[in-house]
Amino acid sequence: MVGQFLDTFLDIWFDMAPWLLLGFVVAFLCSFFLSDQWMRRHLGGAGWLPIVKASICGLPLPICSCGVLLVGLALRKSGARKAPVCAFLASTPQSGADAVLISWPMLGPVFTLLRLVGAVLAGLLSGALVRWFGVAQPPPKETEDLDASCGALCACHHHEPDHPHHDGEAHHHEFVSRSIRLREAAYYAFVHLPGEVAGFLLIGVLLAAALEVFVPTGVLQGVSLPVAYLLAVIVGIPSYACSLAMIPVTVGLIAGGLTPGAAFVFLACAPTTHLGALLVLGRALGIRTVCCFVVGVVVVAVGMGLLIDFPLADVVCIPSATSTGEHAHSHLLGALLCLPLAGLLGYGVWRTGHLPWHSKH
């Protein structure tokens with residue numbers, strides 16, 4: 001049993017290693033090219049457009065559940081209204097580029113695409129519910145109307161009388177050095193992010209290996225569908241989980257007999273809502289707003305789960321764990337990349353001190 005557990009544990013890491021490393025590279029590119037000012041500009045203001053933008057622009061961002069809360073609160077403080085903030089918080093943790101890269105080979109392309117669709121719908125519904133039923137409250141300050149010529153690398157820090165801007169106003173725009181942004185993006189993608197997710201990844205892979213080895217195949221098949229969905233919601237909402245770490249756990253749950261739809265519900269709820277974040281959001285945005293946010297996430301998750309289990313049951317195919325030639329080839333690549341991945345994760349933990357039981361968020 002112990003030997004089988006270790007083999008399964010290593011197999012999961014070998015499967016994930018190439019995609020994790022590629023995910024960190026994508027995180028670097030997103031961090032370098034998408035500035036905070038760009039996000040504040042497009043997520044501020046009233047109406048439906050900021051909600052739609054917030055639901056979509058969060059898709060590629062590799063921010064997990066702990067980091068997205070800070071980004072959402074920063075957006076709120078910078079002038080974004082409650083509805084787009086909640087839309088951003090609902091869609092982003094479910095669909096980061098790194099999570100998609102891991103989900104594609106482990107859960108299949110159809111399941112992964114449905115995750116992206118569900119993330120956008122969750123953002124739209126959560127934002128809509130907050131706009132319709134949330135307490136109307138203006139943001140702390142309206143988003144600054146930045147001139148289109150400023151670009152993503154421009155930040156107004158001080159004034160110079162000989163630098164005309166905005167119809168004669170004397171503003172000096174200090175362009176942030178590309179080398180500084182390059183270093184900051186590299187630190188985030190290759191130090192901060194690995195340190196932030198390393199502990200949760202380790203726990204998630206341990207749980208996934210334990211589920212596959214110690215839980216008999218099909219043990220969850222006797223659970224009725226309503227009970228399975230209810231448990232997925234009840235367990236998923238308060239859980240503090242990283243979207244990356246939940247992917248191997250989801251694979252283990254499906255291998256144990258849980259339907260792909262119920263597993264989808266758990267995978268959608270767990271990274272998006274957790275008790276700590278809900279308490280912080282309740283204080284910052286109000287209890288009614290948080291309730292609208294949670295209802296939006298749960299309704300879309302259950303709806304997508306039912307879609308997967310019934311009309312699309314024959315289309316959604318979860319890859320099996322059987323070893324084929326292609327699987328063996330990916331294992332060889334994963335084995336070669338596991339050492340640099342372990343070094344990256346270990347260095348990130350050492351530099352940042354991020355551990356699940358010592359979370360700073």
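What you see is a predicted model, and the numbers here were worked out from it, not measured in a lab.
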Least distance between heavy atoms, [X] atom then [Y] atom:
X	Y	value
Ala301	Cys269	CB-SG, 4.2 Å
Pro50	Pro84	O-CB, 3.7 Å
Pro194	Leu345	O-CD2, 3.7 Å
Pro260	Ile308	CB-CG2, 3.8 Å
Leu59	Ala119	CD2-CB, 4.0 Å
Val130	Cys86	CG2-SG, 3.8 Å

According to a 4.5 Å side-chain heavy-atom criterion applied to Ile, Leu, Val, Met, Phe, Trp and Tyr, with indirect links allowed, do [X] and [Y] form part of one hydrophobic cluster?
X	Y	answer
Leu253	Ile234	no
Leu278	Ile287	no
Leu339	Leu21	no
Leu230	Ile254	no
Leu121	Phe133	yes

[X]: what forms a side-chain contact (heavy atoms from CB on, under 4.5 Å) with it, not counting sequence neighbours?
X	value
Ile102	Met16, Trp19, Leu20, Met106, Leu244, Ile247
Val233	Ile237, Val265, Val298, Val302
Val100	Thr112, Leu116
Ala186	Phe28, Phe190

- Task: With side-chain contact (heavy atoms from CB on, under 4.5 Å) as the test, would you mind laying out the steps for Arg131 and Trp48 before giving the verdict?
- Result: CA-CA 9 Å; Arg131 189 168 187 260; Trp48 289 102; 2.8 Å; yes
Atom [atom1] of [X] and atom [atom2] of [Y]: how far apart are they, to the nearest 0.5 Å?
X	Y	atom1	atom2	value
Leu312	Leu114	CG	CG	6.0 Å
Leu129	Cys291	CG	SG	11.0 Å
Phe266	Met246	CZ	CE	5.0 Å
Arg351	His192	CZ	NE2	12.5 Å
Ile51	Ile56	CD1	CD1	12.0 Å
Leu107	Ile318	CG	CD1	5.0 Å

Side chain to side chain, [X] and [Y], heavy atoms closer than 4.5 Å:
X	Y	value
Thr289	Leu281	no
Ser91	Val120	no
Val110	Cys317	no
Leu341	Leu337	no

Do [X] side-chain atoms and [Y] backbone N/O form a donor-acceptor pair below 3.5 Å?
X	Y	value
Arg115	Gln94	yes
Ser55	Leu124	yes
Lys82	Leu285	yes

- Message: Tyr229: which residues meet the ring-ring contact (aromatic ring centres under 6.0 Å, His included) condition with it, sequence neighbours left out?
- Response: none
- Check ring-ring contact (aromatic ring centres under 6.0 Å, His included) between Phe293 and all other residues, then give those that pass, not counting sequence neighbours. none
- Task: Evaluate the side-chain contact (heavy atoms from CB on, under 4.5 Å) criterion for residues Leu336 and Phe14: first the C-alpha distance (whole Å), next the side-chain angles of each, then the deciding distance (0.1 Å), finally the verdict.
- Result: CA-CA 9 Å; Leu336 293 174; Phe14 292 164; over 6 Å; no
- Considering only Ile, Leu, Val, Met, Phe, Trp and Tyr, and joining two whenever side-chain heavy atoms are under 4.5 Å apart, list the other residues clustered with Val191. Tyr187, Tyr347, Trp350
- Message: Applying side-chain hydrogen bond (donor to acceptor under 3.5 Å, both in side chains), can you list everything that pairs with Thr259, at least two apart in sequence or on another chain?
- Response: Asp309
- Going by the ring pair (Phe, Tyr, Trp, His ring centres under 6.0 Å) test, which pairs reach into residues 100-127, not counting sequence neighbours? Phe111-Phe264
